[in-house]
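Taking it in order: structure first as structure tokens, then the write-up.
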Amino acid sequence: PSAVPHKPRVFCLYPIDDSVREYAEQHFDFTCEPDPKVKSWREEAEAVMVRSNTITPSDVKVLGPAFKFVGKHGVGVDAIAVKELKERGITVMNTPGVNASAVAELALTMSLCLARDVAQIDRRIRSGETVTKAEGGLTGFQLTGKTLGLVGGGNIGYQLGKMFHGAFGAKVVVYDPHLHPSMVQKWSDLLSSSHFTRVGTLGKMLEVSDVVSIHVPLLESTRNLIGEDELRKMKKSALLINTARGGIVNEEALLRALEEGWITGAGIDAFSIEPPTSKDFGRLISHPRVLSTPHIGAASLDVIRITALAVIDHLVEAFRG
Ligand code: NAD
């Protein structure tokens, strides 16, 4: 009889639905154990699937000898000790692009809501206030014909640019000194030079944009990328959207920018401390022209399922070598 094929021992450290589990079980000796207290994955696993889980340098030290791969659900690998894993010959694979449209849709939603002050007006009506447009202050602005500025023109930035251009005829200005040649090609296939500009400095983009949306990873080079100087360069009427990572925008400077009117509003899905609470961000999250969400950018049902399947496919390919 032919040998029973070796099914790699894979642990998933976050909850998945039954159909994803069944798919994983076809390929792996599979355990889905979202309880972080369960230690056995470190000793037993040949690979793990992680979503927002942390893999620390001390975790890496105790990994068993058969451990080969980390499959990251999503893009950002800042919670994973990539350097230490690499030193042990372990590969970290993420799923770029799979969640891009979900995050872009959230950035678009925040832009639309802030532009017309929808959330604030709704909150006032709910609280029993009689709100009429005649009282003024409820005018807002449209996105049609405006300029979208992107910090980062990768997968998510590209999807958002496509939505802004397709829906509103917006111009797109990208600041991304490291843009991959394949993305440069995608942008030039999508937009003509009259609607697409790539600028060499962040300041140039900030000065001309009506909505500035951030889509870069959190790196030493992007930490505090948007601080007081940058916020002061933005138009007073502009919106800042951060669905990337906390730490990229300096939140103290952002609060001052909003309170002193350097910019008009901010949509924040990524905070330096998560989830955002009034203990840490009282004045910022209660500001009338701030919209906050607790890192839900990629958390649509469609994306969770598709991304988990993509992580499994990457692992299957990697084990096949
Ligand atoms: P991507 O890798 O496709 O694009 C990132 C782009 O950032 C690249 O083009 C890169 O060249 C550029 N970049 C890197 N350093 C830069 C710098 N200093 N200045 C300007 N540009 C720089 O990634 P993506 O899929 O578009 O995701 C972007 C980020 O969004 C991720 O790194 C992650 O942190 C975040 N994210 C958040 C959520 C959420 O739930 N809110 C979900 C997915 C991703």
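We count residues from 1, following the sequence as given. Heavy atoms only: backbone and side chains are in, while hydrogens, waters and symmetry mates are out. When a ligand or atom number is given, it counts from 1 through the structure's own listing order. Computed from a prediction, not measured in an experiment: that's the story for all the values here.
Residue nearest to atom 42 (C) of ligand 1, selected from Val184, Val303, Thr293, Val103: Val103 (by heavy-atom distance). Residue nearest to atom 11 (O) of ligand 1, selected from Asp176, Leu218, Thr243, Ile156: Asp176 (by heavy-atom distance). For atom 36 (N) of ligand 1, the choice among His295, Arg245, Arg223 with the nearest heavy atom turns out to be Arg245.
Geometrically, ligand 1 and Asn155 share a nitrogen or oxygen pair separated by less than 3.5 Å. Not a single N or O atom of Thr222, backbone or side chain, sits closer than 3.5 Å to an N or O atom of ligand 1. Every N/O-N/O distance between Leu225 and ligand 1 stays at or above 3.5 Å.
Nearest to atom 20 (C) of ligand 1 among the protein's heavy atoms is Pro177 CD, 3.5 Å.
Scanning both residues, Asn250 and Gly227, for their nearest heavy atoms gives CB-CA, 4.1 Å. Minimum interatomic distance between Glu228 and Ala253 (heavy atoms only, all atoms of both residues): N-CB, 3.6 Å.
For the ligand labelled ligand 1, residue Ala100 lies outside the 4.0 Å heavy-atom shell.
Ion pairing between a basic and an acidic side chain is recognised when a charged N comes within 4.0 Å of a carboxylate O; Arg126 and Asp122 show such pairing.
Side-chain atoms of Arg305 and Ser19 form a donor-acceptor pair, as typed in the model, at a separation below 3.5 Å.
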